[in-house]
Amino acid sequence: METGLAGKVVLITGAANGIGRATAMAFAREKAHVALIDHDVTGLAEVAGQVREQEVNAFTAEANLATAAGVQAGLDAILRQIPEGPDVLINNVGGGDPKPFLEIPDEQWEAMFALNLMSMVRVTRRLLPLMQQKGSAAIVNNASDLGRQPEPAPADYAAMKSAMLAVTKSLARAEGPKIRVNAVAPGPVWSTFWSRPGGFAEGLASIYNLPPRQAVDHEMKLRKLPLERLGNPEEVANVIVFLASDLASYVTSSVWGVDGGSIRSL
Ligand SMILES: NC(=O)c1ccc[n+]([C@@H]2O[C@H](COP(=O)([O-])OP(=O)(O)OC[C@H]3O[C@@H](n4cnc5c(N)ncnc54)[C@H](O)[C@@H]3O)[C@@H](O)[C@H]2O)c1
C-alpha cells in the first residue's frame with residue numbers, strides 16, 4: 001500500500017527515545033525526511049544517524065520543550081533548516097511522575113501542564129501558519145489511554161492528556177479540510193518513560209510498595225488488558241505513520257487506541 005510519505009518532511013517532538021524515536025525510524029523507512037527536537041543530545045545524534053542510513057535527511061535541534069523559550073529556540077533552529085515548515089507534525093513529547101493525588105504539589109501539576117499540554121500548544125501555534133500554506137498536511141498528537149480512561153494515578157498526567165484530546169478535536173474542526181488532526185492514545189508501552197530513574201516504574205513501585213518491575217507487573221494485572229502485555233514503541237509508531245499517511249485520507253478528529261485493549265467503553 002502506498003503511504004504517499006516519500007519526500008515529505010515530518011517534525012517529531014521528543015524524538016530521541018521511545019515512541020518518538022521509533023516513529024522517526026518508521027517515517028524514514030517510508031522515505032520521509034525527519035526533523036527531530038529533544039533535550040537529549042546524545043539520543044538525538046543516535047537517531048539522526050540511524051535515520052540517515054535510510055538515505056533521507058534528519059534535521060535536529062536540542063531544546064527544552066517544557067518552556068516557551070525552549071520551544072521558540074528549538075523551532076527557530078529547525079526552521080532555519082526547513083524554512084517552509086513540515087508537512088506532518090507529530091506532537092509526541094510528554095512524560096509523567098505517578099503519585100497518589102494527595103502527594104501531587106502545585107509545582108508538579110504545573111510541570112505536567114507545561115510538558116504535556118503547552119509543548120503541543122506552542123509547537124502547533126508556531127507551525128500551523130506554515131502548514132496552512134501547503135496543499136495538505138497532517139498532525140498526530142500522542143495522548144494516552146489514561147486521557148480517556150483515568151486510573152487512580154496519575155491524575156495530573158491523565159488530565160493533561162484529556163486536554164490534549166480536546167485540543168485535537170478542536171483543531172480538527174478548525175483546520176479541515178486541508179489539515180487532518182488525529183491523536184493516538186497508547187496504553188502501557190515499555191520505553192524510557194517507564195524504565196528511567198523517576199519514571200513510571202519507580203512511581204508505581206512507591207505507590208504499591210514493590211520493586212519497580214514487580215510494580216509494573218502488578219499494575220498490568222490490575223488493568224486486565226486483553227493482550228496481557230505492555231506494547232513496544234514500534235507498535236505505536238506504525239499507527240502514527242498510518243494516521244499521517246494518505247492511507248488515512250478520510251480520517252480526522254479521531255482518537256486511535258494502541259493500547260492492548262485497555263479501553264472498556266464503546
Ligand atoms: N510509554 C508509555 O507507556 C506511554 C503510554 C501512553 C502515552 N505515552 C506518551 O507517548 C509519548 C512518548 O512517550 P515515550 O514512552 O516514548 O517516553 P520516553 O520517555 O521514552 O521518551 C520521551 C522523549 O521526550 C524527551 N523529552 C522529555 N522531556 C523533554 C523536554 N522537556 N524537552 C525536550 N524533550 C523532552 C525525552 O528526552 C525522550 O526522548 C509521551 O507523550 C507519553 O506521554 C507513553
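Ligands are counted one by one from 1 in listed order, and the atoms in each one are counted from 1 as well. Counting begins at 1 with the first residue of the sequence.
Ionic pairing of Glu46 and Arg21 is present here: one or more N-O contacts between side-chain nitrogen and carboxylate oxygen are shorter than 4.0 angstrom. The existence of a salt bridge linking Lys221 and Glu228 is excluded, since no basic side-chain nitrogen approaches an acidic carboxylate oxygen closer than 4.0 Å. The pair Asp217-Arg213 counts as a salt bridge, with a side-chain nitrogen and a carboxylate oxygen less than 4.0 angstrom apart.
Atom 22 (C) of ligand 1 has its nearest heavy-atom neighbour, among Pro186, Gly18, Gly94, in Gly94.
Put simply, no part of Arg196 is less than 4.0 Å from ligand 1, judged by heavy atoms. Put simply, no part of Ala22 is less than 4.0 Å from ligand 1, judged by heavy atoms. Using a 4.0 Å heavy-atom cutoff, Trp190 is absent from the residues neighbouring ligand 1. Residue contact annotation: Gly187 has a non-hydrogen atom under 4.0 Å from ligand 1. Ligand 1 lies less than 4.0 angstrom from a heavy atom belonging to Trp194. For Gly43, the closest heavy-atom approach to ligand 1 does not fall below 4.0 Å.
Checked by atom type and distance alone, the side chain of Thr252 never pairs as donor or acceptor with a backbone atom of Arg180 at under 3.5 Å. Checked by atom type and distance alone, the side chain of His39 never pairs as donor or acceptor with a backbone atom of Asn64 at under 3.5 Å. Counting only distance, with no hydrogens or angles, the side chain of Lys8 and the backbone of Val88 share no donor-acceptor pair below 3.5 Å. A donor-acceptor pair under 3.5 Å is formed between the side chain of Gln108 and the backbone N or O of Asp97. Remark: side-chain polar atoms of Ser254 are not paired, donor with acceptor, to backbone N or O of Trp256 under 3.5 angstrom.
Closest to atom 41 (O) of ligand 1 among all protein heavy atoms lies Asn92 O, 2.7 Å. Residue, atom and distance of the protein heavy atom nearest to atom 37 (O) of ligand 1 are Asp38 OD1, 2.6 Å. From the protein, the heavy atom lying nearest to atom 18 (P) of ligand 1 is Thr192 OG1, 3.3 Å. In terms of protein heavy-atom proximity, atom 1 (N) of ligand 1 is closest to Val189 O, 2.9 Å. At the top of the distance list for atom 24 (O) of ligand 1, counting protein heavy atoms only, stands Gly14 CA, 3.5 Å. The protein atom (non-hydrogen) at minimum distance from atom 17 (O) of ligand 1 is Phe193 CB, 3.3 Å. Taking atom 43 (O) of ligand 1 as the reference point, the nearest protein heavy-atom neighbour is Tyr157 OH, 2.6 Å. From the protein, the heavy atom lying nearest to atom 34 (N) of ligand 1 is His39 N, 3.3 Å.
With a 4.0 Å heavy-atom cut-off, ligand 1 is reached by no atom of Arg21. Within the 4.0 Å heavy-atom criterion, the part of Ala143 lying near ligand 1 is the backbone and not the side chain. Residue Ala15 does not touch ligand 1, judged by heavy-atom distances below 4.0 Å. Both the backbone and the side chain of Ala16 come within 4.0 Å of ligand 1, judged by heavy-atom distances. Counting heavy atoms closer than 4.0 Å to ligand 1, residue Leu115 contributes side-chain atoms (C-beta onward) but none from N, CA, C or O.
Counting only heavy atoms from C-beta outward, the side chains of Leu89 and Asn91 approach each other to under 4.5 Å.
Around the CZ atom of Arg173, the shell of radius 6.0 Å holds no more than 12 heavy atoms that belong to other residues, nucleotides or ligands.
Below 4.0 Å from some heavy atom of Pro188 lie the following atoms of ligand 1, by number and element: 3 (O). Close approach of ligand 1 to Asp40 (heavy-atom distance below 4.0 Å) involves ligand atoms 37 (O). Remark: ligand 1 atoms within the under-4.0 Å shell around heavy atoms of Ser191 are 1 (N), 14 (P), 15 (O), 17 (O), 20 (O). For ligand 1, the atoms closer than 4.0 angstrom to any heavy atom of Ala63 are 32 (N), 33 (C). Close contacts of ligand 1 with Ala66, meaning ligand atoms under 4.0 Å from a residue heavy atom, involve 31 (N).
Residues Val51 and Ile82 do not share a hydrophobic cluster, clusters being chains of Ile/Leu/Val/Met/Phe/Trp/Tyr side chains in contact below 4.5 Å. Phe200 and Tyr208 fall within the same hydrophobic cluster, defined by Ile, Leu, Val, Met, Phe, Trp and Tyr side-chain heavy atoms under 4.5 Å apart, directly or through other members.
Just one residue in the list Val10, Leu11, Val47, Thr23 forms a side-chain contact (heavy atoms from CB on, under 4.5 Å) with Leu36, and that residue is Val47.
Considering backbone and side-chain atoms together, Asn64 places an N or O closer than 3.5 Å to an N or O of ligand 1.
Between Asn17 and Thr192, the side chains place no donor N or O within less than 3.5 Å of an acceptor N or O (distance only, hydrogens not considered). Between the side chains of Ser262 and Asp145, at least one donor-acceptor pair of N or O atoms lies under 3.5 Å.
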